[in-house]
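Scroll down for the structure; my scribbles are underneath it.
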Amino acid sequence: MKFPKTIILVLSLVTVLSVTAQNKSQVIAHRGYWNTKSSSQNSLKALEKAHEINVYGSEFDVHLTADNVLVVYHDDRIDGRRVQDLNYADLTKMRLLNGEKMPTLEAYLKKSKKLNGLKLIFELKSHATPERNREAARKSVEMIEKMGLGERTEYITFNLDAGKEFIRISPHTPVFYLNGELAPAELKELGFAGLDYHVNVMRKNPEWFEACKALGLKTNVWTVNEPDAIKEMADYGADFITTDTPEVALDVVK
Ligand code: MG
């Protein structure tokens, strides 16, 4: 059978376009889309704004307080005291820069439930001991499952004890490692879905992009804010770009 040339041309074009679409880097708003009016880092507003601009996912940071409440907040300390050493009651008066209360993870996930399609890039912060890291991971998974958000969640962490615990108790949820020292083959061996490394780590090890692809691992790079750097990482084939400038990134990768 002989196909007319035009049909062959159209079919090849469709193939090229679909491969290109698959390979396009996805954008993740770092601490939500906070770099905009009435928003602030890790606020409910930042989560909502990330959803509004249609990014792949929104990243946020989680600590377990001394009395075992999971809260969404970035910094380790408030007024010199470690968040993880405080009880939740000590945190309720604290206000974010946009005036919101510091959200509990539960409040944050309740809001997320209404924002269909947005992936939750859940960073569990490092805690004081290996056991506390594992406990924080278990409580995080419990809460995600209780809220029915397992399908929309990806865990990321600098802490290897927490990472291994996520992989053990939630084997179907992608877990990414942030700390930068493990090579793709080591991550694969441990069961990670991929790496989520600083842009300078990836510049030093650009062969890791291809190595990850070959191993079926994903690559995420943080925190990439300038258009040139976003393009550089997109050209390497980064699966995800985590950024404080998500609108710029969406424009660069489109
Ligand atoms: Mg983070």
Side-chain angles (χ1 to χ4, degrees), residues 25-65 69-78 83 91-92 94-126 136 140 143-144 147-158 173-176 178 196-199 220-227 229-230 233 238-254:
S25 304
Q26 301 275 6
V27 174
I28 293 171
H30 181 234
R31 304 179 197 166
Y33 187 13
W34 58 269
N35 205 351
T36 179
K37 199 172 155 268
S38 75
S39 189
S40 71
Q41 297 189 357
N42 283 317
S43 63
L44 297 178
K45 187 52 121 187
L47 180 68
E48 201 177 278
K49 293 224 170 199
H51 181 254
E52 270 171 28
I53 59 169
N54 222 3
V55 282
Y56 169 84
S58 192
E59 189 262 0
F60 56 99
D61 304 285
V62 176
H63 295 271
L64 185 62
T65 63
V69 178
L70 290 160
V71 293
V72 178
Y73 191 66
H74 177 266
D75 296 356
D76 286 336
R77 288 167 190 271
I78 293 176
V83 172
L91 298 169
T92 51
M94 148 79 195
R95 291 291 175 270
L96 305 180
L97 289 175
N98 71 344
E100 277 182 39
K101 285 196 331 195
M102 180 192 294
T104 60
L105 177 64
E106 191 167 14
Y108 200 83
L109 296 181
K110 269 188 189 148
K111 180 77 177 181
S112 306
K113 288 278 278 184
K114 298 178 193 150
L115 307 174
N116 272 337
L118 182 70
K119 290 276 189 188
L120 303 175
I121 312 301
F122 184 128
E123 180 180 348
L124 182 63
K125 304 305 284 187
S126 288
S140 298
M143 178 71 78
I144 287 289
M147 302 293 286
L149 285 166
E151 299 277 300
R152 280 178 49 199
T153 301
E154 300 178 12
Y155 297 109
I156 64 176
T157 183
F158 281 93
T173 311
V175 185
F176 289 76
L178 290 164
D196 186 350
Y197 286 173
H198 189 270
V199 60
N220 188 346
V221 189
W222 52 275
T223 306
V224 195
N225 297 336
E226 299 304 323
I230 294 164
M233 291 300 124
D239 293 296
F240 308 104
I241 290 173
T242 300
T243 178
D244 290 323
T245 54
E247 285 195 288
V248 173
L250 284 172
D251 197 46
V252 172
V253 303
K254 80 171 181 244

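- Exactly one of T36, N225, T223 qualifies for a side-chain contact (heavy atoms from CB on, under 4.5 Å) with T245. That residue is N225.
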Go through the steps for I28 and Y56 under the test side-chain contact (heavy atoms from CB on, under 4.5 Å), then give the verdict.
-> CA-CA 6 Å; I28 293 171; Y56 169 84; 4.0 Å; yes
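- Using a distance-only test at 3.5 Å, with no hydrogens or angles considered, a donor-acceptor pair links the side chain of H63 to the main chain of D75.
- In this structure, F240 CZ and I121 CD1 are separated by 7.0 Å, a value rounded to the nearest 0.5 Å.
- With rounding to the nearest 0.5 angstrom, the OG atom of S43 is 11.0 Å from the CH2 atom of W34.
- Here the CG atom belonging to D244 is positioned 10.5 Å from the OH atom belonging to Y33, to the nearest 0.5 angstrom.
- Note that OG of S140 is 7.5 Å distant from CG of L64, once rounded to the nearest 0.5 Å.
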Working for side-chain contact (heavy atoms from CB on, under 4.5 Å), residues D196 and E123 = CA-CA 11 Å; D196 186 350; E123 180 180 348; over 6 Å; no
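- Looking at L118 and L47, their side chains come closer than 4.5 Å, going by heavy atoms from C-beta outward.
- Across E59 and Y108, no two heavy atoms sit closer than the pair O-OH, 4.4 Å.
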side-chain hydrogen bond (donor to acceptor under 3.5 Å, both in side chains) between H74 and D61, intermediate numbers included | CA-CA 5 Å; H74 177 266; D61 304 285; 4.7 Å; no
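- K49 approaches K37 most closely through the heavy-atom pair NZ-O, 3.2 Å.
- Residue L250 comes nearest to N54 through the heavy atom pair CD2-O, 4.5 Å, listed as atom of the first residue, atom of the second, then distance.
- The aromatic ring centres of F122 and F60 sit less than 6.0 Å apart.
- E247 contributes atom CD, which lies 9.5 Å from atom CD of E52 (distance to the nearest 0.5 angstrom).
- In this structure, S25 and M233 have side chains that are not in contact, with every pair of non-hydrogen atoms separated by 4.5 Å or more.
- The side-chain heavy atoms of V252 and V27, taken from C-beta on, include no pair separated by under 4.5 Å.
- Residues L96 and N42 share a closest heavy-atom pair of CD1-O, 4.1 Å.
- For the pair M94 and K101, the minimum side-chain heavy-atom distance is 4.5 Å or more.
- Rounded to the nearest 0.5 Å, atoms CD (Q41) and OH (Y73) are 9.0 Å apart.
- The backbone N or O of S38 lies less than 3.5 Å from a partner atom in the side chain of N98, making a donor-acceptor pair.
- Across V221 and H198, no two heavy atoms sit closer than the pair CG1-C, 4.2 Å.
- Here the closest non-hydrogen pair linking P227 and V248 is CG-CG1, 3.8 Å.
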